[in-house]
Every structure is written in C-alpha cells, then in structure tokens.
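Encoded as structure tokens, the structure appears first; notes follow it.
Computed from a predicted model, the values in this text were never measured in an experiment.
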Amino acid sequence: MSLFKNIFGSSEEQTSVSKLNWIMFTDLGQLNEIIDLSHEKPVLIFKHSTRCSISRFALKQFENEYDLDDNITLYFLDLLNHRDISNEITSRFEVEHQSPQVLLIKEGKCIFNASHSSIDADNLKKYI
C-alpha cells in the first residue's frame, strides 16, 4: 500500500507543494477575469480531482514538465469543491468535461484542451 501512496499520493492529501504559481479558481466570477486576461496573455486552467490517482499523476507530470515561466497565467480548479465552475467552463468554452483536463484560453476562446494521458506541457508551446 505504501508503494502506491508514494507513487500516486494519498486520497487524504488535499494540498501539496508546487513549484508553479497556481491561482486557485474558487469563484465563478473569476471566469470573466480569465477571459479578460486571456486577451493580454494566455491562461491555462487545470481541472483536477483531488481524490483521483490518475488526476494526481497527470498534475505531477505536468508540473515536472512545465517550463514556460511567466508566458501563461495558471489557474487550478478543484473539481470536487467547485463542480459548478467546471460546468460553466464546459458550457462557455463548448468543451466536453474531463478530469483531469487542461484548457488553454487565448483571446477569450479555448484554443487547446487535453485530458488524462494527453496532458503534456510541451504541447502548450505550439499555442503560445
């Protein structure tokens, strides 16, 4: 059991230390801010399920690969606590809900999204 906990983490873990400067996406009003900001600089939304080992693995992998510094503003959405925000993202950007999922917002539109094992920080470079 401890081997799996070390690889994937524990389901009780709600927070962890990250080298990335995530902005917590906790209020539906932030969606309008994200859209406005995306006209100045691309915005990435990482939709994460804190109880899912696949989501946790995808997040850790993304954080380890990410090297775009300040070229993108990063938002982190905890799906378990904010499903209403996820539903609005699905509606507003016309993307299918997935978890884990990344969405890259530029000029007010979702120009790229990926989920599960397709989440790859290097793919973002094509859209910056």
Side-chain angles (χ1 to χ4, degrees):
M1 183 69 168
S2 64
L3 172 63
F4 290 110
K5 182 178 176 184
N6 289 338
I7 293 172
F8 297 111
S10 166
S11 62
E12 290 85 31
E13 293 174 5
Q14 295 298 315
T15 60
S16 62
V17 176
S18 172
K19 67 177 185 167
L20 303 183
N21 293 318
W22 293 107
I23 298 169
M24 299 307 292
F25 195 168
T26 59
D27 181 80
L28 196 52
Q30 287 176 284
L31 190 53
N32 291 329
E33 294 170 16
I34 287 169
I35 291 170
D36 290 344
L37 179 60
S38 76
H39 289 278
E40 300 169 21
K41 176 175 164 178
V43 176
L44 180 101
I45 301 170
F46 194 108
K47 293 170 49 179
H48 174 62
S49 173
T50 56
R51 290 189 192 145
C52 175
S53 61
I54 294 169
S55 190
R56 191 174 304 110
F57 182 79
L59 176 61
K60 286 181 182 180
Q61 186 72 25
F62 179 84
E63 289 181 328
N64 288 334
E65 294 173 350
Y66 186 85
D67 64 353
L68 294 170
D69 298 320
D70 292 330
N71 295 322
I72 299 176
T73 301
L74 302 170
Y75 279 81
F76 181 88
L77 177 63
D78 176 346
L79 290 171
L80 296 180
N81 289 320
H82 303 288
R83 185 58 194 245
D84 59 327
I85 297 173
S86 178
N87 291 341
E88 185 61 25
I89 288 169
T90 297
S91 174
R92 187 97 50 112
F93 296 116
E94 299 178 350
V95 295
E96 181 179 344
H97 165 76
Q98 297 289 327
S99 172
Q101 183 177 33
V102 293
L103 297 96
L104 186 62
I105 313 302
K106 192 172 183 180
E107 302 295 326
K109 297 179 182 170
C110 180
I111 61 167
F112 172 78
N113 79 84
S115 65
H116 297 84
S117 62
S118 296
I119 296 173
D120 183 346
D122 286 335
N123 286 338
L124 297 175
K125 294 175 184 176
K126 301 173 194 174
Y127 301 96
I128 304 303

Other residues, nucleotides, ligands: >12 heavy atoms within 6.0 Å of [X] [atom1]:
X: D70; atom1: CG; value: no
X: N21; atom1: CG; value: no
X: K109; atom1: NZ; value: no

Could you check if a side-chain atom of [X] sits within less than 4.5 angstrom of a side-chain atom of [Y], using non-hydrogen atoms only?
X: L68; Y: L44; value: no
X: I72; Y: I128; value: yes
X: Q101; Y: E96; value: no
X: L103; Y: Q98; value: no
X: L31; Y: F93; value: yes
X: I34; Y: F25; value: yes

Inset, instruction - Could you go through the side-chain contact (heavy atoms from CB on, under 4.5 Å) check for L79 and R51 one step at a time? - result: CA-CA 10 Å; L79 290 171; R51 290 189 192 145; over 6 Å; no
I'd like to know if [Y] and [X] are part of one continuous hydrophobic network [Ile/Leu/Val/Met/Phe/Trp/Tyr, side-chain heavy atoms within less than 4.5 Å].
X: V43; Y: I111; value: no
X: Y127; Y: Y75; value: no
X: V102; Y: I89; value: no

Inset, instruction - Return yes if some donor-acceptor pair links the side-chain N/O of S91 with the main-chain N/O of N87 below 3.5 Å, else return no. - result: no
For residues [X] and [Y], report the shortest heavy-atom separation together with the two atoms involved.
X: Q30; Y: M24; answer: NE2-O, 3.1 Å
X: N71; Y: K41; answer: O-CG, 3.7 Å
X: F46; Y: L59; answer: CZ-CA, 3.5 Å
X: H82; Y: T26; answer: CE1-O, 3.3 Å
X: I35; Y: G108; answer: CG2-CA, 3.8 Å
X: A58; Y: I119; answer: CB-CD1, 4.2 Å

Pairwise distance [atom1]([X]) to [atom2]([Y]) - rounded to 0.5 angstrom:
X: D84; Y: L28; atom1: CG; atom2: CG; result: 6.0 Å
X: L74; Y: I23; atom1: CG; atom2: CD1; result: 7.5 Å
X: I85; Y: R83; atom1: CD1; atom2: CZ; result: 12.0 Å
X: K106; Y: F112; atom1: NZ; atom2: CZ; result: 13.0 Å
X: S49; Y: R56; atom1: OG; atom2: CZ; result: 8.5 Å
X: T73; Y: E33; atom1: OG1; atom2: CD; result: 11.5 Å

Inset, instruction - Taking ring-ring contact (aromatic ring centres under 6.0 Å, His included) as the test, write out the residues that go with H48, two or more places apart. - result: F76
